[in-house]
Amino acid sequence: MKIKIIPCLKDNYSYLIIDEKKNIACVVDPSEADPVIKYLDDNKIDLKFILNTHHHYDHVGGNKKLKEKYKANVVGFKGDKDKIPEIDILVDDQEIWKHESFEAKIIHIPGHTLGHICFYFYNNESVFTGDTLFSLGCGRIFEGTFSQMYESLKKIKRLPHNTKIFCGHEYTLNNSKFCLKHDQNNKYLKDKIIEIEKKLKNNLPTIPSTIKEELRCNIFLKSENIKTFSKLRDLKDNF
Ligand code: ZN
Ligand code: FE
C-alpha cells in the first residue's frame, strides 16, 4: 500500500491510498478533480472510493467529477449526509470501514466542523486528519466549541506514536513560527523547523508528520488544559 500526496488548489493536499497489487485507490479530500485524475491516469490506477473528512469546499470540490469518471463511491460522516456532495456510504464514529484491501477506523473529531471525522488506517499506521490536526497546528473552530476541539485532539493524541499524520493543508511553516513564539526553548521544535525549511526549499511537502513529533512540538497538543488551549487558539486566529 502506497500513499501519494497530491497538491491541490493553493495549499491543500489530497491523498491517494493505492493498492499497488490491484492498481486501485481511494482518494482522501479531493479539493479538485484534475490533479487526481492526472496521477491516476498516468499510472493506470482505478479509483474506487472518495473519502471526505468534512464538508468544506476545499475538501469535497472534486467529488462529483471523480465519481462520474470512475464510478467511485463517496464515503462521509452520516451526520453530514446533506452537506457532502454525492455521498453514498455513511459512516459513524468508531466504525471500521473496510473494502477490498482498504481498512480504516472512523473517529468523530468535531470542532472545525460538527461532522468532522478522521480516517485511521491502522494497518498502514496512518491517519488522515483533514482540518482538525495540522502539523504544528490545529484547525480553526468554525462550527464546534473549544471544548469539542480540545477533546477531538485528545482522541488523536492517543493513537500510537509512530502513526503518520496526513493533514489537509500545507500550513506547517507558519504554524511553526507560532509554536516557537510560545515555546522558545523547545529543541525538538527548532530541529523540526530546520527540516521543514529544507523540505519547502526543495519544493517538497512537510507532510507526513507523526504523532510522536507533534506531541513534542505542537503547542496545541502540548496544552495541558482547555483554558491554555483556548487562549492559544484565539491568539492564533490573529497571528
Ligand atoms: Zn475545512
Ligand atoms: Fe480546508
Side-chain angles (χ1 to χ4, degrees), residues 3-17 26-36 50-66 74-87 90-91 93 104 106-120 126-153 155-156 164-176 178 196 200 205-209 214 218 220-221 229-230 232-234 236-239:
I3 296 173
K4 171 72 189 167
I5 304 179
I6 312 282
C8 291
L9 304 176
K10 190 170 131 265
D11 53 27
N12 275 84
Y13 286 134
S14 299
Y15 299 102
L16 281 167
I17 305 160
C26 305
V27 65
V28 179
D29 284 355
S31 319
E32 48 180 343
D34 293 349
V36 177
I50 298 164
L51 314 180
N52 294 133
T53 61
H54 66 296
H55 68 80
H56 284 159
Y57 183 74
D58 61 315
H59 298 257
V60 301
N63 280 16
K64 191 167 189 290
K65 195 166 174 183
L66 289 170
V74 177
V75 181
F77 186 57
K78 68 165 197 199
D80 272 355
K81 68 176 188 341
D82 299 323
K83 292 183 175 159
I84 293 177
E86 307 289 327
I87 194 164
L90 309 181
V91 291
D93 187 29
I106 310 302
I107 308 171
H108 183 214
I109 44 170
H112 179 71
T113 63
L114 287 173
H116 201 302
I117 54 175
C118 64
F119 294 88
Y120 174 38
S126 298
V127 65
F128 296 85
T129 58
D131 287 356
T132 298
L133 176 65
F134 294 124
S135 180
L136 303 181
C138 74
R140 280 178 194 254
I141 296 160
F142 285 125
E143 295 176 8
T145 63
F146 285 98
S147 133
Q148 280 176 323
M149 186 57 130
Y150 186 66
E151 293 304 318
S152 294
L153 292 174
K155 291 184 192 172
I156 301 173
K164 291 189 273 299
I165 300 166
F166 294 89
C167 58
H169 291 266
E170 180 59 73
Y171 290 159
T172 316
L173 184 64
N174 179 272
N175 288 345
S176 76
F178 182 77
I196 290 164
L200 293 174
T206 63
I207 306 307
S209 185
E214 294 302 315
N218 184 327
F220 294 99
L221 293 193
F229 170 77
S230 308
L232 286 169
R233 191 50 268 180
D234 271 341
K236 182 72 188 351
D237 282 348
N238 299 304
F239 180 68

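Just so you know, ligand 1 is whichever comes first in the structure, and atom 1 is the first atom listed for that ligand. Along the sequence shown, the residues carry numbers beginning at 1.
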Do Phe146 and Asp234 have side-chain heavy atoms sitting under 4.5 Å apart?
yes
Any idea how many protein N, O or S atoms are nearer than 2.8 Å to the Zn ion (ligand 1)?
4
Before moving on, can you tell me the angle at the Fe ion (ligand 2) between the NE2 atom of His169 and the NE2 atom of His59, to the nearest 10 degrees?
110°
Short side-chain to backbone donor-acceptor contact, Lys164 and Val127, under 3.5 Å
no
Centroid-centroid distance, His169 to His59, less than 6.0 Å:
yes
Side chains of Thr53 and Asp29: any donor to acceptor distance under 3.5 Å?
yes
Out of the N/O/S atoms in Asp131, what is the name of the one closest to the Fe ion (ligand 2)?
OD2
I would like to know whether His54 and Ile117 meet side-chain contact (heavy atoms from CB on, under 4.5 Å); could you show each step before the answer?
CA-CA 7 Å; His54 66 296; Ile117 54 175; over 6 Å; no
Does Lys78, at its NZ atom, have more than 12 non-hydrogen atoms belonging to other residues, nucleotides or ligands within less than 6.0 Å?
no
Strictly under 2.8 Å, is the Fe ion (ligand 2) approached by any N, O or S atom of Asp58?
yes
Do NZ/NE/NH1/NH2 and the carboxylate oxygens of Lys65 and Asp34 come within less than 4.0 Å?
yes
